[in-house]
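What follows is a single structure, written as structure tokens, with notes after it.
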Amino acid sequence: MKLMRVGPLGQEKPALLDKDGKTRDLSAHVPDIGGASIGPEGLAKIAAINPASLPELTADRIGACVAGTGKFICIGLNYSDHAAETGAEVPPEPVIFMKATSAIVGPNDDVLIPRGSEKTDWEVELGVVIGKTAKYVSEAEAMDYVAGYCVSHDVSERAFQTERAGQWTKGKSCDTFGPIGPWLVTKDEIADPQNLSMWLTVNGEKMQNGSTRTMVYGVAYLVSYLSQFMSLHPGDVISTGTPPGVGLGMKPQRFLKAGDVVELGIEGLGTQKQTFKADA
């Protein structure tokens, strides 16, 4: 299934995309796309509904594909070819950092370049959405805890991230720096999350053209690994790292400015499009 949330900010309705590309209203059946609704029983309940029986919705705005995200966990340097372009070694264990949940926006919402920014950058990433609470789970059972996948744009301010003292979080958590969606695609639709093509363009120019095949630590490993240090809850999002082609790795380096348009997508998971604007 392709689950989504549509409507004005703060007033999104739960919906699904049917096989004909029509947006269908789920609000009579589930309160939102998140929490228990994306657990095994919740997803089974939605799957049992005949989409043709649901009212059609006009998707003027698509919201973030999951509601109530408690943790937005990101994995750094998780593509061998991306680590190489930044001059970093492949880490012996996953590099974990948090993106503030206040950064989450819809897939086509404007992205705000924060005050004082000189190095706002792009990163197309595979997002993993947790469907049931995971704590101390093995790699073999880790996929049982995954609800599905989404496109995640890990927008980053490199000067805030690496040139200021402290950790990466402040370069990753600016308002609007976390577009996710358009859909939460349930895991049954994705045969192999480690074999998905992914791409990103800036003003129509291809910048990233990669594949999840080059991930260092795969989805099952990451879910298991993270669950050893913190419990994962329904609606939590893991953004699993980016392939090469980011502005930081270019010679000369390139960064985003007001008026730039970024488009990105992952095979089977849909596309995003954002206009970058200066924050007030």
Does any N or O in the side chain of [X] come within less than 3.5 Å of the main-chain N or O of [Y], such that one atom is a donor and the other an acceptor?
| X | Y | value |
| --- | --- | --- |
| N78 | Y217 | yes |
| T176 | L112 | yes |
| S224 | Y221 | no |
| S152 | G127 | no |
| D109 | G106 | yes |
| T212 | N195 | yes |
| E123 | S156 | no |
| E189 | K187 | no |
| S227 | V137 | yes |
| K99 | F177 | yes |

More than 12 heavy atoms of other groups within 6.0 Å of [X] [atom1]:
| X | atom1 | answer |
| --- | --- | --- |
| Y136 | OH | no |
| E141 | CD | yes |
| K132 | NZ | yes |
| E118 | CD | no |
| Q228 | CD | yes |

Taking C-beta and beyond as the side chain, do [X] and [Y] meet within less than 4.5 Å on heavy atoms?
| X | Y | result |
| --- | --- | --- |
| L126 | L269 | yes |
| H233 | I130 | no |
| Q194 | R213 | no |
| F276 | T120 | yes |
| H153 | V124 | no |
| D32 | R5 | yes |
| D121 | V155 | no |
| V128 | L222 | no |

**Q.** Reported CG-to-CG distance for the pair N209 and L200, which is rounded to 0.5 angstrom
**A.** 10.5 Å

[X] versus [Y], closest heavy-atom pair with distance:
| X | Y | value |
| --- | --- | --- |
| K119 | A159 | CB-N, 3.9 Å |
| M98 | T169 | O-CG2, 3.2 Å |
| P107 | G181 | CB-C, 3.8 Å |
| G76 | P91 | O-CG, 4.4 Å |
| T101 | T69 | CG2-O, 3.3 Å |
| N203 | G259 | OD1-O, 4.3 Å |

Q.
Using the rule given for side chain to side chain donor-acceptor pair (under 3.5 Å), can you reason through E125 versus T240, listing the C-alpha separation, both sets of side-chain angles and the distance that settles it, and then say yes or no?
A. CA-CA 6 Å; E125 306 201 358; T240 57; 5.5 Å; no

Salt bridge or not for [X] and [Y], using N-O below 4.0 Å?
| X | Y | result |
| --- | --- | --- |
| E157 | K172 | no |
| E205 | R254 | yes |
| D18 | K2 | no |
| D110 | K277 | yes |

**Q.** Donor-acceptor pair between D188 and T186 side chains, under 3.5 angstrom
**A.** yes

Q: Report yes or no: do T23 and E56 form a side-chain donor-acceptor pair below 3.5 Å?
A: no

Q: Kindly determine whether D60 and T58 satisfy side chain to side chain donor-acceptor pair (under 3.5 Å), including the steps that lead there.
A: CA-CA 6 Å; D60 291 329; T58 301; 5.5 Å; no

Supply the members, apart from [X], of the Ile/Leu/Val/Met/Phe/Trp/Tyr cluster built from side-chain contacts under 4.5 Å; use none for a lone residue.
| X | answer |
| --- | --- |
| L184 | M1, L3, L16, L26, V30, I33, I38, L43, I46, I49, L54, V66, F72, I104, V129, I180, V237 |
| V261 | none |
| V95 | L77, F97, W168 |

Q: Begin with the C-alpha distance, continue with both residues' side-chain angles, and end with the deciding distance and a verdict on side chain to side chain donor-acceptor pair (under 3.5 Å) for E139 and Y225.
A: CA-CA 8 Å; E139 187 174 354; Y225 181 86; over 6 Å; no

Q.
Taking the cut-offs as 6.0 angstrom to the six-membered ring centre and 45 degrees off its axis, would you call K170 and F160 a cation-pi pair?
A. no

